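No hydrogens, no waters, no symmetry mates; every other heavy atom, side chains included, goes into these values. The model shown is predicted, which means the values in this text are computed figures rather than measured ones. Just so it is clear: chains get the letters A, B, ... in the order the sequence lines come, proteins before strands, and each one is counted from 1.
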Amino acid sequence: MKTSKKQKALKILTILKELYPDATCSLTYDSPVQLLVATILSAQCTDERVNKVTPELFARFPDAIALANADRETLETLIRSTGFYRNKAKNIQGACQKIVKDFNGKVPQTMEELLLLSGVARKTANVVLAHAFGINAGVTVDTHVKRLSQRLGLTKATDPVKIEKDLMPLLPQKDWENFSIRIIYHGRQICKARKPNCQDCQLAFLCPSSL
DNA sequence: ATCCCGAGGG
DNA sequence: CCCTCTGGAT
């Protein structure tokens, strides 16, 4: 009887917890709105680069009201180096305007409401819910979680939402974000997209893709 | 499926 | 040059 997918997922989680005991969200922020904005900025961009633009961004526009009323071109200039800067500026501003108008200036704390914000889909919503509010609503599936889940044989799906549905039943709900955050760490350091370092990978013995 | 888009690595 | 980075909207 081969190891079930669930046993495998738990094994992976255990190893990753030992490997990265202190792993946490690597975006810098001081409030739920700031985390939301930083997460929108992190699309197709390293967190390191996001953290280079957010200090000045948040110094000038610290909260939802300030961001909602910000001059669009100023916003675009401040976030330009993160890429997709026009869309991101529009989405940040649109999301903040809705937060001010419909949510009393506070970031909503449910998946359903977060998905109403411009530029926010499940990945961004999961990050905000988990790290700003301590709510495990789902598994954050970004490019790293997608790649490693596929390589490790936890899913064959390519659509992030489908991958999330494959992963959720494999893990205890309380560990959903623990899994994501550590998979991301491992993806950055060892299981890289281009040249995975299988020699140094602690998961290689259970990885069907190991070289 | 395609577009948005800059920066860094190989 | 090409690929990748905590995606989302059309």
Looking only at the side chains, is there a donor atom on one of A:Asn51 and A:Thr28 sitting less than 3.5 Å from an acceptor on the other? yes
Separation of C:dA9 atom P from A:Arg122 atom CZ, nearest Å, is 13 Å
Does A:Arg60 have any side chain to side chain contact (heavy atoms under 4.5 Å, CB included) partners at least two apart in sequence or in another chain, and if so, which? A:Glu56, A:Thr74, A:Leu78
For DNA chain B, which residues in residues 141-160 of chain A have a heavy atom at a distance below 4.0 Å? none
Near DNA chain B, which residues from residues 15-51 of chain A have a heavy atom under 4.0 Å away? A:Gln44, A:Arg49
I'd like the P distance from C:dG8 over to B:dA7, given in whole Å. 22 Å
Please report the distance, rounded to the nearest Å, between CD in A:Glu164 and P in C:dG7. 14 Å
Could you pick out which residue, A:Lys52 or A:Asn87, lies toward the 5' side of DNA chain B when each is mapped onto its nearest nucleotide? A:Asn87
Suppose clustering is done on Ile, Leu, Val, Met, Phe, Trp and Tyr with side-chain heavy atoms closer than 4.5 Å. Which residues sit in the same group as A:Leu211? none
Ignoring hydrogens and geometry beyond distance, is a side-chain donor-acceptor pair present between A:Lys52 and A:Thr46 at under 3.5 Å? no
In whole angstroms, the gap separating C1' of C:dG8 from CD1 of A:Ile92 amounts to 13 Å
Could you pull out all residues at least two apart from A:Pro32 that satisfy side chain to side chain contact (heavy atoms under 4.5 Å, CB included)? A:Val107, A:Ala132, A:Phe133
The criterion is side chain to side chain contact (heavy atoms under 4.5 Å, CB included); which residues satisfy it with A:Ala38, sequence neighbours excluded? A:Leu27, A:Val50, A:Thr54
Take the protein atom CD of A:Gln189 and the nucleotide atom C1' of C:dT6, then report the distance between them rounded to whole Å. 14 Å
With respect to the phosphate group of C:dT6, does any side-chain polar atom (N or O) of A:Arg188 fall under 4.0 Å of OP1 or OP2? yes
Could you state the NZ-P distance from A:Lys123 to C:dG8, rounded to the nearest angstrom? 6 Å
Between CZ of A:Arg86 and C1' of C:dT10 the distance, given in whole Å, is 17 Å
DNA chain B: 5'-most and 3'-most nucleotides touching chain A, 4.0 angstrom heavy-atom criterion: B:dC4 to B:dG10
Do A:Asn197 and A:Gln189 pair up side chain to side chain, a donor and an acceptor below 3.5 Å, judged on atom types alone? no
Heavy-atom nearest pair, A:Gln93 first then A:Asn69, reads NE2-C, 4.1 Å
Ring pair (Phe, Tyr, Trp, His ring centres under 6.0 Å) partners of A:Tyr20, counting only residues at least two apart: A:Tyr185, A:His186
If you find the nucleotide of DNA chain C closest to A:Gly119 and the one closest to A:Ile181, which residue's nucleotide is nearer the 5' end? A:Ile181
The criterion is salt bridge (Lys or Arg N to Asp or Glu O under 4.0 Å); which residues satisfy it with A:Lys98, sequence neighbours excluded? A:Asp102
Could you work out, with side chain to side chain contact (heavy atoms under 4.5 Å, CB included) as the rule, every residue matching A:Ala204, not counting sequence neighbours? A:Cys201, A:Ser210
Between A:Lys17 and A:Asp175, is there a salt bridge with N-O shorter than 4.0 Å? yes
A:Asp159 with A:Lys146: basic N within carboxylate O range, under 4.0 Å: no
Measure the distance from CG on A:Asn178 to P on C:dT6 and round it to the nearest whole Å. 19 Å
Taken to the nearest whole Å, CG/A:Leu117 to P/C:dG7 is 18 Å
My understanding is that a hydrophobic cluster links ILVMFWY residues whose side chain heavy atoms are under 4.5 Å apart, including indirect links. Using that, what else belongs to the cluster containing A:Ile65? A:Val100
Can you tell me, in whole Å, how much space there is between the P of C:dT6 and that of B:dG10? 15 Å
Looking at DNA chain B, which of residues 55-85 of chain A put a heavy atom within less than 4.0 Å of it? A:Arg80, A:Ser81, A:Gly83, A:Phe84, A:Tyr85
